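All of these numbers come straight from a predicted model, not from anything done at the bench. Labels below follow one simple rule: chain letters A, B, ... track the order of the sequence lines, proteins then strands, and each chain is numbered from 1.
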Protein chains: 2
Amino acid sequence: MGIRKGRRPGSPDTRAAILAAARDAFAERGFDRASIRQIAASAGVDPALVHHYFGTKDELFLAAVQAPADPRELLPQVLAGDREQLGERLVRMFLGVWDSPAGPAAAGILRAAVSHEWSARLIREFLVSQVLRRVAAELDVPDSDRRVALVASQLMGLAMARYIIKLEPLASAEPAWIVAAVGPALQRYFTGELPDLPTMG
Amino acid sequence: MGIRKGRRPGSPDTRAAILAAARDAFAERGFDRASIRQIAASAGVDPALVHHYFGTKDELFLAAVQAPADPRELLPQVLAGDREQLGERLVRMFLGVWDSPAGPAAAGILRAAVSHEWSARLIREFLVSQVLRRVAAELDVPDSDRRVALVASQLMGLAMARYIIKLEPLASAEPAWIVAAVGPALQRYFTGELPDLPTMG
DNA sequence: GGCAGAATTCATCACCTGTTGAATTCCACG
DNA sequence: CGTGGAATTCAACAGGTGATGAATTCTGCC
């Protein structure tokens, strides 16, 4: 009676279960407050097994949140089409990702990025080298790196307000409305007039 | 010899020292990773004294981060003047607060808001009832609550990108440039054309 | 001078954390 | 049928956490 030691019969994919539990835990409780013991319990498994599969907690986090969405797959859809509606397409895709099953993972990354420098570095490197740089290369306007950073700031703010802080009425607004409201703002960052760099002195 | 028990001579304002240490700790390590023991040590004091002055850790946090800036004092300066430059004035003030000594406290609140629902509620209530509602009341356009929420999202994103994630070139950009770049975006949210609410079906 | 009360520390408690190493059980292959 | 290796659990370690209650020393007042 009770749970015996040793290998269990059948072949449940325990590894995947742990990963799923970790994903959930990190997403809704953040890195610090998500505990390995709790993740293990939630996966119906001993904590040591978590360490057996994924080493340390940091590694588990990396395994759990890696690639919530692949920019190499998504960006071309956004970049294709006329440049005058780039902003709206980007917001639409952004909301699509966050409202998808990948959303919680993204929330986990964002939560972790706020409290851990190494995770902030992670998201920064990801944004810069996987997303922003590619978009910037596709734009044929000057100051493209500044432009994409402004775009990133608005999108991060949108995610914070809508999914983390849950600020109303943004949190429960229709995606279509948000696209129409925020899209043009991004469009201006992309292709509109921006100030020159201030000349010192 | 060594540190004796009991009341110490002189009158160093220990309470203020604890508060300052707590402020620093919460700002740069967030709520979870800031420990009372460490705050106490950093203030040259026993952990129990921290509990003696401020009760629980939550209460200490509230005492440490309350009112990094008083909207009742700052908002009138922003709202005064012509409506066509409201956006720029708001960005300028926002950057002013974050670049001031109050900035770290603001960062602490933001960090905590991301990992704790009760703290997210805190910042949400603060934003809604102390800032957004007042600004909305001052605007004479329809949909003012939606407009201010959009503004809040852009400002939160700016804070995240510049002060938390430290995304370049935003992180080290000149405030004047940011004002000129982001101001008009906020201005559009405030007084520009926004889409109607989508009609369902 | 004595006494109330505030300031401060000490010594804990109970708990949770990540992590490790050994023990056990099962499966697959020879 | 046996054996090696993978899956899984148990038991524990070492450390950190917030919190509490009692003890001690000082200050200020009468």
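For the OP1/OP2 pair of dC16(C) and a distance below 4.0 Å, the side-chain nitrogens and oxygens of S35(A) include no atom meeting the criterion. Side-chain N/O atoms of Y53(B) include none lying less than 4.0 angstrom from OP1 or OP2 on dA6(C). The phosphate of dT8(C) (OP1 or OP2) has a side-chain N or O of T14(B) nearer than 4.0 angstrom. A sub-4.0 Å separation between OP1 or OP2 of dA19(D) and a side-chain N or O of T56(B) is present.
Taking atom CZ of F61(B) as the reference point, atom P of dT17(D) lies 18 Å away to the nearest angstrom. The CG atom of L49(B) sits 16 Å away from the P atom of dC26(D) (whole-angstrom rounding). Between the NE2 atom of H52(B) and the P atom of dA6(C) there is a distance of 8 Å, given to the nearest Å. Distance H51(A) NE2 to dA22(C) P: 17 Å, rounded to the nearest Å. Protein atom CZ of R33(B) is 12 Å distant from nucleotide atom C1' of dT17(C), rounded to whole Å. In this structure, D32(B) atom CG and dG18(C) atom P are separated by 12 Å, rounded to whole Å. Rounded to a whole Å, the NZ atom of K57(A) is 17 Å from the C1' atom of dT20(C). When the P atom of dA19(D) is taken as reference, atom CG of D46(B) falls 14 Å away, rounded to whole Å.
Checked by atom type, the side-chain pair Q154(A)/S153(B) shows a donor-acceptor distance below 3.5 Å.
Among the protein residues, A34(A) comes within range of the sugar-phosphate backbone only, with heavy atoms under 4.0 Å from sugar or phosphate atoms but none that close to a base.
A salt bridge links R162(B) with D99(B): the distance from a Lys NZ or Arg NE/NH1/NH2 to an Asp or Glu carboxylate oxygen falls below 4.0 Å.
Relative orientation of the F31(B) and H116(B) rings is perpendicular, given thresholds of 30° and 60° on the angle between their planes.
Residue side chain R37(B) reaches the base of dG18(D) through a donor-acceptor N/O pair under 3.5 Å, judged by distance alone.
Considering CZ of F190(B) and CG of L186(B), their distance stands at 6.5 Å, rounded to 0.5 Å.
Taking the ring axis of F26(A) as reference, the NZ or CZ atom of K57(A) does not stay both within 45° of it and closer than 6.0 Å to the ring centre.
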